[in-house]
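Written out below as C-alpha cells is the structure these notes cover.
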Amino acid sequence: MKKDEIIKQQLLLQDLLISISTKYINADLSDIDQLVRKSLKQIGEFVDADRSYIFSYNFRNNTTSNTYEWCAKDIAPEIDNLQDISLNDFIPEWINAHKNGEAFYAEDVSLLPRDGEFGLRAILESQGIKSLITIPKIKNSELIGFVGFDSVRKIHQYSENEKNILFVFANMLVNIIQRKENEEFIKEQEQKKEELLNYLSIQNEELNDYAQAVSHDLKAPLINIHTLVHWFIEDNKEALGENFLNPLKEVLFNVEKMDLLIKGILAYSSIDKLESEDRSIHLNTMIDEVLKAISIPSNIKIKVQENLPILYGNALKFKLVFQNLIQNAIKYNDKENGIIEVGFTEKNEYFEFFVKDNGIGIHPDYFDKIFKVFTKLESTSSSSGIGLSIVKKIIHSYHGSVWVESKEDIGTTFYFTILKESMSIQEAI
C-alpha cells in the first residue's frame, strides 16, 4: 500500500473513531448495547475483519465469555458457543500479553502450536479462523476483558497504525461499558432507595396508627383510675389522715403524668397528618394567637419582634413550634422578673428564628438529649418530655435545623432555621 493511501486510511479510521466516540458520549443508557454492536460492525468492516467481538474475563472463576459480537455476511456467529470458556484453554502467551497491556496477534493461526483437540489452535480452526487479533480492555489498571477481530476468508496482516487505533477503540469500549455499569448501579440504588422509602412510609404509617390505637386504649382506664381515686379522696377526706392522703395524691399525680405522655405520643405521631392547607402565615398574628391560648404567669413578660416575616406553609405546625418553645421558656423560668423574647435574623438563604429566656438554663450535657422523645430536665414535673421532639420533627420536615445555647442560672435560647426556597416566601399584601 502506498504511503498516501496509508495516511488516507488512517485519517478515515480516526474520523470513524471520533464519530463513534461522539455517539457514545451522547448516548442514553438504553441505547448503549445497540451502539456497541454498531461500532463493532463499523470497525470490523473498516479493518476488513469477518467477525468482531467483545469478551469479559472472570479471573475468580478462571473463565471468559463472549458478550457482544458482529459477523460479516455468510460468517457464522459463535457467541452462543463461547460462554464460560475455561482460561486453561488459552495458550499462556495470550493471557500474559493481555495482562501486560499488549495485544495478542496470530497472523496465521495454522502456525500456532498443536496442543490437542481442546487447545487454542483447534478451537480457532474449528471456527474457520485464519487470523485474529485481540486487544486487552483495562479498567483502573485491572484487566477486565478484550476486543477481538477474526479473519475467516483470508490471512490478515495488521499494521502498527491499525493496532494503535484498535487500542483506542478498546479504551472507548471500556469507558462506555463502565458508564453503563455506573448508570445501572445508580439506577439500581435509586430503585432500592425508592423501595426503602416506600417501605419506611408504610412502616411509619402503621406505627402511627398503632401509637394512636394504643394511646386511645390506655386513656380510658386512666380516666377511670383518676376518677375513682378522686372520688375516694373526696368521700373520705375527713377520715383519711395525711399518711393515706399523700400516697393517693401521688397516684393522681402519676396518672396525670401518664395522661400527658399519652397526649404527647398522639401529638408526635400525628404531626404529619395535620390537616391544614399551606397558606401565607403572618407570624406576628399567629404568635399573638398562641399567646392568647396559653397561661402566662404575671411575673413573665414576652417580647415579640414586630417585623417577623410572612411564610408560606402549614400554620398548625408552626403554631406547635412556637407554642412548645414559649411554654418551655415559661415552665423553666425561675426569675422574679421573667423575660422571654421571640425574634429572627434574616440570612442569605434562610431565616433564623429564636426564643430566648432568662430562666434556669440548661447544662451543656443536655443540649442534644432534650430533643429526644420523653427527655426532661427533671422528673418531678408533669411534663411529657415530647414538646421539643415535636419542634425538631416539624423543623426537620422543612429541611431546617434546631439547636440550643444556654448558661445555667442565666438563660436559654432556642434557635431554628427555615430555608427560604423551601418555604416559597410570600410578599405581604
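This is a predicted model, so every value here is computed, not measured. Note: hydrogens, waters and symmetry copies are ignored here, and every other heavy atom, side chains too, is used.
Under a 3.5 Å cut-off, the side chain of Thr67 and the backbone N or O of Ile54 do form a donor-acceptor pair. Looking only at distances, a side-chain donor or acceptor of Asn284 sits under 3.5 Å from a matching main-chain atom of Leu308. Proximity of a side-chain donor or acceptor of Glu352 to a complementary backbone N or O of Lys347 within less than 3.5 Å is not detected. Remark: side-chain polar atoms of Asp357 are not paired, donor with acceptor, to backbone N or O of Gly411 under 3.5 angstrom. Side chain of Thr412 to backbone of Ser406: no donor-acceptor contact under 3.5 angstrom is found. In terms of modelled atom types and a separation under 3.5 Å, the side chain of Tyr53 and the main chain of Glu78 share no donor-acceptor contact. Put simply, the side chain of Asp48 never gets that close to the backbone of His156: no donor and acceptor are under 3.5 Å apart. With hydrogens and angles disregarded, no donor-acceptor distance shorter than 3.5 Å links the side chain of Asn66 to the backbone of Leu82. Formation of a donor-acceptor pair under 3.5 Å by the Ser56 side chain with backbone atoms of Gly145 is not found in this model. A donor-acceptor pair under 3.5 Å links the side-chain atoms of Lys335 to the main chain of Asp409, judged by distance alone.
How far CG of Leu388 is from CD1 of Ile395: 11.5 Å, rounded to the nearest 0.5 Å. The line from CD1 of Ile418 to OH of Tyr312 is 15.5 Å long, rounded to the nearest 0.5 Å. Between the CD1 atom of Ile360 and the CG atom of Asn333 there is a distance of 9.0 Å, given to the nearest 0.5 Å. How far NZ of Lys301 is from CD1 of Ile339: 7.5 Å, rounded to the nearest 0.5 Å. Atom CG of Leu166 and atom CD1 of Ile133 lie 6.0 Å apart (nearest 0.5 Å). Taken from CD in Glu346 to CZ in Phe353, the straight-line distance is 9.5 Å, to the nearest 0.5 Å.
For CD of Glu195, the number of neighbouring non-hydrogen atoms (other residues, nucleotides, ligands) closer than 6.0 Å is greater than 12.
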Practice task
I would like to know whether Trp231 and Thr227 meet side chain to side chain contact (heavy atoms under 4.5 Å, CB included); could you show each step before the answer?
Solution key: CA-CA 6 Å; Trp231 284 352; Thr227 302; 3.4 Å; yes
Practice task
Would you check, one step at a time, whether the test side chain to side chain contact (heavy atoms under 4.5 Å, CB included) holds for Ile330 with Ile294?
Solution key: CA-CA 10 Å; Ile330 293 172; Ile294 63 178; 4.0 Å; yes
Exercise for the section: Given side chain to side chain contact (heavy atoms under 4.5 Å, CB included), test Leu291 with Val304 step by step and report yes or no. Expected result: CA-CA 10 Å; Leu291 296 179; Val304 181; 4.1 Å; yes
Problem - Step-by-step side chain to side chain contact (heavy atoms under 4.5 Å, CB included) determination, Phe59 to Leu87 - result: CA-CA 8 Å; Phe59 289 108; Leu87 293 180; 3.7 Å; yes
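Across Lys41 and Trp70, no two heavy atoms sit closer than the pair CG-NE1, 3.2 Å. Summarising the geometry of Ala315 relative to Arg279, their closest heavy-atom pair is CB-NH2, 3.2 Å, with the distance given to 0.1 Å. Between Ile302 and Ile296, the shortest heavy-atom distance links the atoms CD1-CD1, 3.7 Å. Nearest heavy atoms, Thr134 versus His98: OG1-NE2, 2.8 Å. Scanning both residues, Ala170 and Ile135, for their nearest heavy atoms gives CB-CG2, 3.7 Å. The minimum heavy-atom distance linking Lys356 with Thr413 is given by the pair CG-OG1, 3.2 Å.
The closest side-chain heavy-atom distance from Tyr398 to Tyr350 is not below 4.5 Å. Annotation: side chain of Gln189 is in contact with side chain of Lys192 (closest heavy-atom distance under 4.5 Å). Residues Val147 and Leu40 meet the side-chain proximity criterion, which asks for heavy atoms closer than 4.5 Å. In this structure, the side chains of Asp150 and Asp50 stay at 4.5 Å or more apart for every pair of heavy atoms. In this structure the side chain of Phe149 reaches within 4.5 angstrom of the side chain of Ile43, judged on heavy atoms.
A salt bridge links Glu160 to Lys163: at least one charged side-chain nitrogen sits closer than 4.0 Å to a carboxylate oxygen.
Between Phe371 and Phe414, the two ring planes are perpendicular [angle over 60°; tilted spans 30° to 60°]. Classification of the Phe354-Tyr415 ring pair by plane angle, with boundaries at 30° and 60°, yields tilted.
Screening Phe344, Phe322, Trp403 for a ring-ring contact (aromatic ring centres under 6.0 Å, His included) with Phe416, the sole residue that qualifies is Phe322. The side-chain contact (heavy atoms from CB on, under 4.5 Å) test with Tyr57 singles out one residue from Leu143, Ile144, Asn62, Thr63, and that residue is Leu143. Applying ring-ring contact (aromatic ring centres under 6.0 Å, His included) to Phe146 and the options Tyr68, Phe169, Trp94, Phe104 leaves one that passes, Trp94.
In summary, the side chains of Asn61 and Asp84 do not present any donor paired with an acceptor at a separation below 3.5 Å, with no hydrogens or angles considered.
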